Trainee: 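First the structure, then my questions, so here it is.
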Amino acid sequence: YDFYYMFQHYGCNMQFGGNDQWSNMLGGTELIRRKLGKDAHAMTITLLLNSEGKKMGKTASGAVWLDPNKTSPYDFYQYWRNVGDADVLKCIRMLTFLPLEQIDEMDKWEGSQLNKAKEILAYELTQMVHGEEEAKKAAEKEAERIAAEQAALAEEQARIQAAEQALAKARTTDASSAMSQLAEVDWSCGKDAFISEWANRINNYLAGSPLAGQGETFATAAWENGVDPRWSPAISNTESTKGANCFLPHNAWGWGSTGWSSWEEAINAHVAGLAKGYGYTISYSNAQKYCPPNYDNWFRDTLREMSKI
């Protein structure tokens with residue numbers, strides 16, 4: 001009816017619209033023909049769609065207007081500055097008067113270069129609609145916003161880094177303090193006395209578990225490899241509740257993808273592996289290496305178990 005009214009009162013005989021309005025526009029020409037016996041015409045224009053097939057020109061707060069009283073020049077600039085990566089070059093090609101040769105060169109752009117393409121699109125359209133002065137103001141305001149955002153991000157990252165460093169330092173200090181409370185192992189007593197003492201201690205610790213009775217195996221392996229005799233038994237508790245929950249045969253230590261045919265073979269392999277890959281005894285750095293995802297808890301749990309032996 002709007003087409004009919006404008007035809008009758010203003011002599012408008014051509015209506016333009018988006019191609020999604022084609023049927024409505026044809027309805028207008030048909031109404032004019034039937035009521036007035038005259039011809040009218042309609043012409044559709046391809047809608048500007050984004051890469052998802054949705055109409056462009058809409059925001060969360062409503063339509064994007066050319067009228068600065070409805071959409072400020074800065075908001076207008078911002079809308080085009082924030083188009084998707086997949087849409088920016090299409091918009092430059094369709095909506096600006098930049099030379100096609102220049103746009104063809106932009107087709108090679110990727111990554112951060114596409115942000116530059118968005119700035120070009122936003123500036124060109126804002127300049128076209130609101131004038132060069134408003135385009136410059138909008139571009140400067142946007143540059144200031146980005147700079148402030150980057151400065152705030154850098155400040156936040158520095159704060160997080162400082163907090164992480166302070167936490168790591170505190171944890172290391174706490175770990176050193178906890179380590180100092182762990183009794184020293186006496187290696188001066190000789191092999192037989194060493195194995196006798198530690199086999200008894202470890203057997204008491206492992207009593208009632210699948211590893212029960214393996215104290216001498218642990219103690220002998222510790223002596224031969226120069227490793228704290230409490231370390232491997234304690235790890236077995238942290239990783240598998242002293243062998244009760246092994247994910248592979250006789251692998252009580254969560255160690256790689258290896259299984260063994262007996263506890264004796266497994267214990268000797270684990271203690272030798274500790275000596276080769278980690279050194280004499282538990283430390284905070286060794287915990288980070290042994291169990292990276294949860295090293296702090298792993299260190300405290302294992303050290304607590306060592307103190308029980």
Side-chain angles (χ1 to χ4, degrees), residues 154 156-189 191 194-195 197-199 201-202 204-206 209 211 214-215 217-248 250-260 263-309:
E156 178 65 9
Q157 289 175 336
R159 185 193 66 77
I160 292 173
Q161 185 178 16
E164 289 176 345
Q165 290 174 344
L167 178 60
K169 183 177 180 180
R171 284 177 171 175
T172 302
T173 301
D174 289 347
S176 298
S177 176
M179 283 289 298
S180 67
Q181 298 175 28
L182 189 66
E184 292 289 335
V185 175
D186 181 10
W187 294 86
S188 65
C189 60
K191 179 179 179 179
F194 178 93
I195 293 174
E197 177 186 351
W198 287 105
R201 288 192 182 194
I202 295 169
N204 289 335
Y205 174 72
L206 296 174
S209 75
L211 281 165
Q214 293 295 334
T217 307
F218 277 109
T220 302
W223 176 269
E224 292 176 349
N225 289 278
V227 170
D228 190 322
R230 299 164 292 189
W231 199 8
S232 183
I235 294 175
S236 77
N237 184 76
T238 303
E239 294 289 345
S240 69
T241 317
K242 302 176 183 176
N245 302 293
C246 299
F247 69 95
L248 286 170
H250 299 98
N251 189 333
W253 304 274
W255 193 298
S257 57
T258 303
W260 290 278
W263 284 124
E264 290 78 11
E265 181 185 9
I267 292 167
N268 279 290
H270 186 252
V271 175
L274 289 177
K276 182 178 179 180
Y278 300 88
Y280 167 66
T281 192
I282 190 171
S283 67
Y284 204 62
S285 60
N286 279 337
Q288 290 172 311
K289 185 178 178 182
Y290 197 106
C291 186
N294 195 28
Y295 62 86
D296 190 63
N297 287 334
W298 189 95
F299 171 81
R300 297 180 189 286
D301 291 346
T302 305
L303 184 62
R304 183 183 64 248
E305 294 301 310
M306 290 177 69
S307 68
K308 295 178 181 179
I309 302 174

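All figures in this text were calculated on a predicted structure; none of them were measured in a lab. Computed from heavy atoms alone, side chains included, the values below leave out hydrogens, waters and symmetry copies. Along the sequence shown, residues carry numbers from 1.
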Trainee: Who pairs with K191 by salt bridge (charged side-chain N to carboxylate O under 4.0 Å, His left out), at least two apart in sequence or on another chain?
Mentor: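 Partners of K191 by the salt bridge (charged side-chain N to carboxylate O under 4.0 Å, His left out) criterion come out as none, since no residue qualifies.
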Trainee: Is there a side chain to side chain contact (heavy atoms under 4.5 Å, CB included) between W231 and N286 once you walk through the steps?
Mentor: CA-CA 12 Å; W231 199 8; N286 279 337; 3.7 Å; yes
Trainee: Under 3.5 Å, is there a donor on one side chain and an acceptor on the other for Y284 and D296?
Mentor: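 Per modelled atom types, Y284 and D296 side chains form a pair under 3.5 Å.
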Trainee: Quick one: does T241's side chain have a donor or acceptor within less than 3.5 Å of a partner on A244's backbone?
Mentor: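 Side chain of T241 to backbone of A244, a donor-acceptor pair under 3.5 Å: no, none is there.
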Trainee: Can you sort out the partners of D228 under side chain to side chain donor-acceptor pair (under 3.5 Å), two or more places apart, ordered by chain and number?
Mentor: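 Counting only residues at least two positions away or on another chain, D228 forms a side chain to side chain donor-acceptor pair (under 3.5 Å) with R230, T281.
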Trainee: Taking the inter-plane angle between the rings of W263 and W253 on a 0 to 90° scale, is it parallel (under 30°), tilted (30 to 60°) or perpendicular (over 60°)?
Mentor: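 Correct class here is perpendicular.
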Trainee: Could you walk me through whether Y290 and Y295 satisfy the ring-ring contact (aromatic ring centres under 6.0 Å, His included) test, starting with their C-alpha distance in whole Å, then the side-chain angles of each, then the deciding distance to 0.1 Å, before giving a yes or no?
Mentor: CA-CA 7 Å; Y290 197 106; Y295 62 86; over 10 Å; no
Trainee: Mind checking what makes side chain to side chain donor-acceptor pair (under 3.5 Å) contact with T258, not counting sequence neighbours?
Mentor: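 By the side chain to side chain donor-acceptor pair (under 3.5 Å) rule, T258 matches no residue at all.
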Trainee: Any side-chain donor paired with an acceptor under 3.5 Å for W298 and T238?
Mentor: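 There is no such pair (donor and acceptor under 3.5 Å, judged by atom type) between the side chains of W298 and T238.
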Trainee: I'd like to know if the side chain of N225 and the backbone of A221 have a donor-acceptor N/O pair within less than 3.5 Å.
Mentor: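 A pair under 3.5 Å: yes.
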Trainee: Can you sort out the partners of E265 under salt bridge (charged side-chain N to carboxylate O under 4.0 Å, His left out), two or more places apart, ordered by chain and number?
Mentor: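 With neighbours one apart ignored, the set is empty.
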Trainee: Less than 6.0 Å separating the ring centroids of W187 and F194?
Mentor: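 Yes, close enough.
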Trainee: Can a cation-pi geometry be assigned to K242 and Y205, taking NZ or CZ under 6.0 Å from the six-membered ring centre and within 45° of the ring axis?
Mentor: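 Cation-pi check for K242 and Y205: passes.
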Trainee: Are the side chain of H250 and the backbone N or O of W260 linked by a donor-acceptor pair below 3.5 Å?
Mentor: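 Side chain of H250 to backbone of W260: a pair is present.
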Trainee: Can you name the closest pair of heavy atoms from L206 and S236 and give their distance?
Mentor: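 In terms of heavy atoms, the two residues are closest at CD2-OG, 4.4 Å.
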Trainee: With sequence neighbours excluded, tell me which residues meet salt bridge (charged side-chain N to carboxylate O under 4.0 Å, His left out) with E305.
Mentor: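 Testing E305 for salt bridge (charged side-chain N to carboxylate O under 4.0 Å, His left out), a comparison that skips the adjacent residues, returns K308.
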Trainee: Partners of E184 by salt bridge (charged side-chain N to carboxylate O under 4.0 Å, His left out), sequence neighbours excluded?
Mentor: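 E184: no salt bridge (charged side-chain N to carboxylate O under 4.0 Å, His left out) contacts found.
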Trainee: Indicate yes or no: at least one non-hydrogen side-chain atom of L274 is less than 4.5 angstrom from one of S232.
Mentor: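 Sidechains of S232 and L274: in contact.
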Trainee: Does S240 use its side chain to pair, donor to acceptor, with the backbone of N245 at less than 3.5 Å?
Mentor: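 No.
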Trainee: Please check: side-chain N/O of T220 versus main-chain N/O of T217, any donor-acceptor pairing under 3.5 Å?
Mentor: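 No: the side chain of T220 does not pair with the backbone of T217.
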